[in-house]
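Basis for what follows: all heavy atoms, side chains included, without hydrogens, waters or symmetry-related copies. Counting starts at 1 for both ligands and their atoms, following the listed order.
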Amino acid sequence: MFRGDAVFEQMGEIPAASVATVAMVFPKDAVEEDIKGSGFVVSRNEDFSMAACSWIHRKWPHTVPEDKILLRAFVGRRKEESIVDLADKAIEETVLSDLNRIMKINQPPEFTTVTRWRNSIPQYTVGHEHRKEAIYSEFKQSYPGIFAGGASFEGVELSECVRQAKSGVTSILNFLKN
Ligand SMILES: Cc1cc2nc3c(=O)[nH]c(=O)nc-3n(C[C@H](O)[C@H](O)[C@H](O)COP(=O)(O)OP(=O)(O)OC[C@H]3O[C@@H](n4cnc5c(N)ncnc54)[C@H](O)[C@@H]3O)c2cc1C
């Protein structure tokens with residue numbers, strides 16, 4: 001429907017990073033030295049490959065059997081995405097090596113699931129505000145009644161995407177009423 005329109009070229013200019021999630025299950029006694037909290041993020045200046053890790057068994061205990069630990073690590077950042085293309089085993093080893101620098105895990109995971117999410121995290125580079133406004137304006141002018149929203153525009157957090165979806169619905173209803 002919109003193919004070839006300039007507005008979509010502008011949307012294509014919003015870059016997105018590729019990441020992989022690494023979910024690893026351990027028996028509870030595998031972790032000898034734990035850390036407090038439910039996860040952490042890693043600054044890109046640090047000498048770690050991992051970008052973040054969540055303690056899923058603490059964040060959402062009902063999703064994990066009581067005698068297990070489920071860690072979900074993230075690898076890959078904008079301009080440091082080559083790790084996402086490594087073999088599953090290599091990604092797992094990198095994450096375990098990083099984790100063992102801050103805690104002590106005495107055995108390999110019982111199982112690991114690596115999931116790759118390519119071009120999935122939009123990056124708001126310099127000029128984003130201007131690009132975004134140009135896209136909104138182009139929609140208003142050329143496609144009245146169609147509204148843009150989602151992670152590429154106002155924020156990547158789920159709560160922010162839901163807020164944008166609700167706001168989009170309100171805009172559509174108002175458009176239909178007038
Ligand atoms: C690995 C990962 C972990 C994350 N973890 C968190 C977290 O812990 N907390 C948090 O708040 N956020 C998290 N996020 C961010 C959040 O999940 C996303 O920003 C959010 O889901 C994006 O919502 P969206 O509706 O913009 O896009 P999407 O959820 O990607 O929805 C877009 C939809 O459009 C469909 N679609 C695409 N192209 C077409 C087409 N041509 N025709 C028809 N349909 C199409 C797609 O199939 C998809 O269903 C995470 C993101 C990733 C990738």
Side-chain angles (χ1 to χ4, degrees), residues 1-25 35-44 46 48-64 69-92 94-96 98-99 109 111-125 128-129 131-136 138-140 142-143 145-173:
M1 181 177 172
F2 304 114
R3 203 157 282 168
D5 193 296
V7 70
F8 287 94
E9 277 169 34
Q10 292 182 70
M11 286 172 77
E13 285 168 17
I14 300 172
S18 295
V19 300
T21 55
V22 188
M24 296 177 296
V25 172
I35 59 170
K36 283 187 180 165
S38 59
F40 58 85
V41 292
V42 182
S43 149
R44 73 160 60 235
E46 294 291 334
F48 277 76
S49 298
M50 217 170 38
C53 189
S54 295
W55 271 228
I56 303 294
H57 59 288
R58 286 211 192 121
K59 261 186 163 176
W60 298 292
H62 63 284
T63 62
V64 183
I69 281 172
L70 172 55
L71 305 183
R72 188 180 66 157
F74 291 76
V75 296
R77 295 183 178 92
R78 174 100 176 115
K79 295 186 179 167
E80 289 173 29
E81 292 154 290
S82 54
I83 189 167
V84 174
D85 292 319
L86 297 182
D88 287 7
K89 196 70 195 164
I91 295 178
E92 179 192 306
T94 303
V95 166
L96 282 173
D98 275 357
L99 282 174
F111 71 86
T112 301
T113 304
V114 177
T115 311
R116 293 170 182 78
W117 301 85
R118 297 187 197 282
N119 300 319
S120 59
I121 312 271
Q123 307 289 303
Y124 304 151
T125 53
H128 181 74
E129 283 297 308
R131 215 171 287 125
K132 195 180 75 180
E133 291 307 325
I135 291 166
Y136 291 162
E138 177 66 14
F139 268 111
K140 198 170 177 183
S142 305
Y143 302 101
I146 294 187
F147 300 89
S152 294
F153 296 94
E154 308 285 346
V156 297
E157 300 85 8
L158 281 171
S159 55
E160 177 53 34
C161 292
V162 170
R163 188 198 63 75
Q164 292 179 69
K166 286 183 173 169
S167 156
V169 168
T170 306
S171 302
I172 291 167
L173 290 175

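- Listed by atom number, the atoms of ligand 1 under 4.0 Å from Trp117 heavy atoms are 1 (C).
- Protein non-hydrogen atoms do reach within 4.0 Å of atom 22 (C) of ligand 1.
- Shown here for Pro109 and Leu96, the closest heavy-atom pair between the two residues is CD-CD1, 3.7 Å.
- Counting protein heavy atoms under 4.0 angstrom from atom 12 (N) of ligand 1 gives one or more.
- Of the protein's heavy atoms, none falls inside 4.0 Å of atom 32 (C) of ligand 1.
- Using a 4.0 Å cut-off to heavy atoms of Gly150, the atoms of ligand 1 that qualify are 26 (O).
- The residue among Ala16, Pro122, Gly76, Ala151 with a heavy atom at the shortest distance from atom 24 (P) of ligand 1 is Ala151.
- At the shortest separation from atom 8 (O) of ligand 1 among protein heavy atoms lies Arg72 NH2, 4.0 Å.
- Checking atom 26 (O) of ligand 1 against the protein gives a heavy-atom contact under 4.0 Å.
- Ranking protein heavy atoms by distance to atom 4 (C) of ligand 1, first place goes to Phe74 CE2, 4.3 Å.
- There is a protein heavy atom closer than 4.0 angstrom to atom 15 (C) of ligand 1.
- For ligand 1, the atoms closer than 4.0 angstrom to any heavy atom of Ile121 are 51 (C), 52 (C), 53 (C).
- Looking at heavy atoms from C-beta onward, Arg118 lies in side-chain contact with Asp85 at the 4.5 angstrom threshold.
- Between the side chain of His128 and the backbone N or O of Phe153 there is at least one donor-acceptor pair closer than 3.5 Å.
- Here the shortest heavy-atom pairing between Thr94 and Ala90 reads OG1-O, 2.9 Å.
- The main-chain N or O of Thr125 is never found under 3.5 Å from a side-chain atom of Arg131 such that the two would form a donor-acceptor pair.
- Protein heavy atoms are absent from the space less than 4.0 angstrom from atom 38 (N) of ligand 1.
- Comparing heavy-atom distances from atom 53 (C) of ligand 1 across Ala165, Gly149, Ser120 singles out Ser120 as nearest.
- Looking at Phe147 and Gln164, their side chains never come closer than 4.5 Å, going by heavy atoms from C-beta outward.
- Using a 4.5 Å heavy-atom threshold, the side chains of Glu13 and Ile135 count as separate.
- Of the N or O atoms in Leu158, one or more lie within a sub-3.5 Å distance of an N or O in ligand 1.
- Side-chain atoms of Tyr124 come within 3.5 Å of backbone atoms of Gly155 as a donor-acceptor pair (strictly under, hydrogens ignored).
- Contact annotation: for Cys161 versus ligand 1, heavy atoms closer than 4.0 Å belong to the side chain alone.
- For atom 46 (C) of ligand 1, the nearest protein heavy atom lies 4.0 Å away or farther.
- Under the 3.5 Å distance criterion, the side-chain polar atoms of Ser18 are matched with a main-chain donor or acceptor of Asn119.
- Annotation for Val156 and Pro122: closest pair CG1-CD, 3.7 Å, computed over non-hydrogen atoms.
- Polar contact with ligand 1: present for Val156 (N/O pair, distance under 3.5 Å).
- Inside a 4.0 Å radius of atom 19 (O) of ligand 1 there is at least one protein heavy atom.
- A side-chain contact (heavy atoms from CB on, under 4.5 Å) with Met24 is found for one member of Val95, Leu70, Ile56 and no other, namely Val95.
- Remark: side-chain polar atoms of Asp98 are paired, donor with acceptor, to backbone N or O of Ser49 under 3.5 angstrom.
- Under 4.0 angstrom from ligand 1, the non-hydrogen atoms of Thr21 all belong to its side chain.
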